[in-house]
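Convention: sequence-line order gives letters A, B, ...; per-chain numbering from 1. No hydrogens, no waters, no symmetry mates; every other heavy atom, side chains included, goes into these values.
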Number of protein chains: 2
Amino acid sequence: MRMRSTRAKPAPPAADSTAPRPVHLGPLREFVGYRLRRAQLSVLAGFELALRELGLSPGQLSVLMVIAHNEGLTQSDVCAALGIQRANFTPLLHDLEARGYAIREVLPADRRSNTLRLTLLGREAVARALALHERLEKRITRCLGATGRSQLIELLQKLEAL
Amino acid sequence: MRMRSTRAKPAPPAADSTAPRPVHLGPLREFVGYRLRRAQLSVLAGFELALRELGLSPGQLSVLMVIAHNEGLTQSDVCAALGIQRANFTPLLHDLEARGYAIREVLPADRRSNTLRLTLLGREAVARALALHERLEKRITRCLGATGRSQLIELLQKLEAL
DNA sequence: GAAAATAGTTATGGTAAATAAGCATTATCG
DNA sequence: CGATAATGCTTATTTACCATAACTATTTTC
């Protein structure tokens with residue numbers, strides 16, 4: 001029994017060799033780690049697109065924001081708050097200093113420590129970054145819904161603890 | 001009006017200098033990108049802990065799983081499915097070959113392409129990895145609740161699209 | 001049959017994170 | 001008081017990951 005004149009399928013395009021082959025991910029589809037990584041790369045791309053004109057990396061912006069909301073922190077304080085290694089923090093901060101965004105000052109009470117604060121330029125940069133970033137969050141909210149977005153944040157926060 | 005003998009606060013422990021200072025994150029607290037990154041690092045650490053005895057990276061395991069569920073894929077197929085650059089895939093695959101987990105064979109129909117399949121050893125490795133990974137997912141489920149976990153996966157999947 | 005496109009490889013650069021060692025300063029304790 | 005330990009920051013180095021460009025071999029297109 002051949003099917004030739006019966007038109008079984010409309011147009012099986014003779015194996016379109018350019019079409020990417022559909023792939024089964026198996027259990028991987030529900031690996032939280034896998035989904036996290038993919039989503040994170042996607043949002044990261046959105047971040048870089050949204051803040052391109054400022055040239056700030058996510059890490060740099062997070063540091064600026066923490067300093068902005070807690071003037072007088074030491075470098076170690078910022079590192080502890082953001083989960084950054086102190087060794088990696090030094091060059092990051094120097095870049096922010098070189099841009100004229102942040103200032104590092106020896107703490108008189110303990111001359112090993114540096115306290116951090118933002119310049120006016122730094123505060124302006126944070127303000128602009130926040131405005132640009134707002135667009136990204138709005139895009140995310142359109143994608144997830146407002147409740148979806150806040151659910152996500154809450155779940156991610158729990159996940160951080162382990 | 002001084003308060004000295006009135007015992008205003010029970011015991012302000014004279015500024016415990018070893019205690020990490022509490023830090024306000026400001027709007028950063030609700031940046032989806034920030035929360036994603038922190039959560040991802042946390043789960044990544046859990047992955048490495050859980051699969052240490054196998055010595056498989058998340059990327060390697062994902063490749064093994066995709067091959068396992070779709071024998072005969074080409075390298076480009078796997079790359080497209082997992083969002084890996086073909087250039088970066090080559091050394092990754094060579095490592096899996098060197099371990100005796102995967103085999104690369106020229107496709108006769110198109111001698112430019114290599115089709116991939118797992119060895120018996122490779123399938124065993126995937127099975128063991130899945131068993132170990134199961135513990136991680138269970139830990140995550142304890143942390144988020146079963147419905148929380150599936151909500152998270154759904155939200156992350158949406159987020160991937162943008 | 002020549003030119004363009006594709007699969008895979010190689011080489012290279014950038015960024016992020018981890019580790020170890022060093023210096024200056026402060027705290028601890030005999 | 002003074003030696004030792006601990007702390008804050010820096011430097012250097014390593015590793016891993018992602019991206020780009022250039023190259024070879026093969027196939028497709030016209």
Side-chain angles (χ1 to χ4, degrees), chain A residues 14-21 33-34 36-38 40-42 44-45 47-49 55-63 72-97 102 104-116, chain B residues 14-21 33-34 36-38 40-42 44-45 47-49 55-63 72-97 102 104-116:
Chain A
D16 180 351
S17 63
T18 74
R21 181 165 162 186
Y34 174 71
L36 266 175
R37 175 176 155 273
R38 299 295 302 252
Q40 206 243 326
L41 288 177
S42 183
L44 179 62
F47 182 97
E48 279 164 1
L49 194 79
L56 283 176
S57 73
Q60 288 173 324
L61 178 55
S62 68
V63 168
L73 289 184
T74 71
Q75 298 187 191
S76 293
D77 290 332
V78 175
C79 286
L82 293 176
I84 302 175
Q85 305 284 121
R86 281 183 318 208
N88 298 327
F89 186 70
T90 297
L92 194 162
L93 176 61
H94 280 33
D95 185 71
L96 295 178
E97 257 189 308
R104 208 174 26 145
E105 239 169 346
V106 172
L107 180 71
D110 183 344
R111 312 224 326 271
R112 294 170 298 182
S113 299
N114 297 326
T115 68
L116 306 177
Chain B
D16 180 351
S17 62
T18 74
R21 181 166 162 185
Y34 174 71
L36 265 175
R37 175 177 154 274
R38 300 293 302 253
Q40 206 244 323
L41 288 178
S42 182
L44 179 62
F47 182 96
E48 279 163 3
L49 194 80
L56 283 176
S57 74
Q60 288 173 324
L61 177 57
S62 68
V63 168
L73 288 184
T74 70
Q75 297 187 192
S76 293
D77 289 333
V78 175
C79 287
L82 293 177
I84 303 174
Q85 304 285 122
R86 283 187 317 228
N88 298 327
F89 186 70
T90 297
L92 193 162
L93 177 59
H94 279 34
D95 185 71
L96 295 178
E97 258 190 307
R104 206 174 29 144
E105 238 170 344
V106 172
L107 180 70
D110 183 345
R111 314 227 323 273
R112 293 170 300 185
S113 299
N114 297 326
T115 68
L116 307 176

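- When each of N88(B) and S57(A) is assigned the nucleotide of DNA chain C with its nearest heavy atom, N88(B) is the one assigned upstream, toward the 5' end.
- Between S76(A) and dC9(D) there is a side-chain N or O to OP1 or OP2 distance below 4.0 Å.
- With rounding to whole Å, D95(A) atom CG is found 14 Å from dA16(C) atom C1'.
- Rounded to an integer number of Å, the gap from CZ of R86(B) to P of dC23(D) is 17 Å.
- In this structure, the separation between SG on C79(B) and CD on Q85(B) is 8.0 Å, given to the nearest 0.5 Å.
- To the nearest 0.5 Å, atom CZ of residue R37(A) and atom CZ of residue F47(B) are 11.0 Å apart.
- Atom-to-atom, CD of E105(A) to C1' of dG8(D) comes out at 17 Å; the value is rounded to the nearest Å.
- When distances are taken from the side chain of Q75(B) to each of dT19(C), dT9(C), dC9(D), the shortest belongs to dT9(C).
- Expressed to the nearest 0.5 Å, how far OG of S62(A) lies from CD1 of I84(A) amounts to 5.0 Å.
- Going from atom CD of Q60(A) over to atom P of dA17(C) covers 12 Å, rounded to whole Å.
- Atom C1' of nucleotide dG8(C) and atom CD1 of I84(B) are separated by 15 Å, given to the nearest angstrom.
- Each of L93(A) and P58(B) lies near DNA chain D, and the nucleotide nearest L93(A) is the one positioned closer to the 5' end.
- For Q75(A), the side-chain contact (heavy atoms from CB on, under 4.5 Å) partners at least two apart in sequence or on another chain are F89(A), T90(A), L93(A), R104(A), N114(A), L116(A).
- When rounded to the nearest whole Å, the span between CZ of F89(B) and P of dA16(D) equals 18 Å.
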- Task: Sugar-phosphate atoms are those with a prime plus P, OP1 and OP2; base atoms are the rest. Using that split, label each nucleotide of nucleotides 23-29 of chain C B, S or - for protein heavy atoms under 4.0 Å, 5' to 3'.
- Result: -BBS---

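- Note: CZ (F47(B)) to P (dA16(D)) measures 15 Å, nearest angstrom.
- Taking CG from L36(A) and OG from S42(B), the interatomic distance works out to 9.5 Å, rounded to the nearest 0.5 Å.
- In this structure a side-chain-to-backbone donor-acceptor pair under 3.5 Å is present from R38(A) to L82(B).
- Between dT10(C), dT10(D), dT20(D), one nucleotide has an atom nearer to the side chain of T90(B) than all others, and that is dT10(C).
- When each of dA17(C), dA7(C), dT10(C) is scored by its nearest atom to the side-chain atoms of H94(B), the top-ranked nucleotide is dT10(C).
- In this structure, the side-chain contact (heavy atoms from CB on, under 4.5 Å) partners of Q60(A), at least two apart in sequence or on a different chain, are L56(A), S57(A), L92(A), D95(A), L96(A), R99(A).
- If you check dC9(D), dA19(D), dA21(D) against the side chain of A87(B), the one that comes closest is dA21(D).
- Computed from coordinates, the L41(B) CG to dA18(C) C1' distance equals 12 Å when rounded to whole Å.
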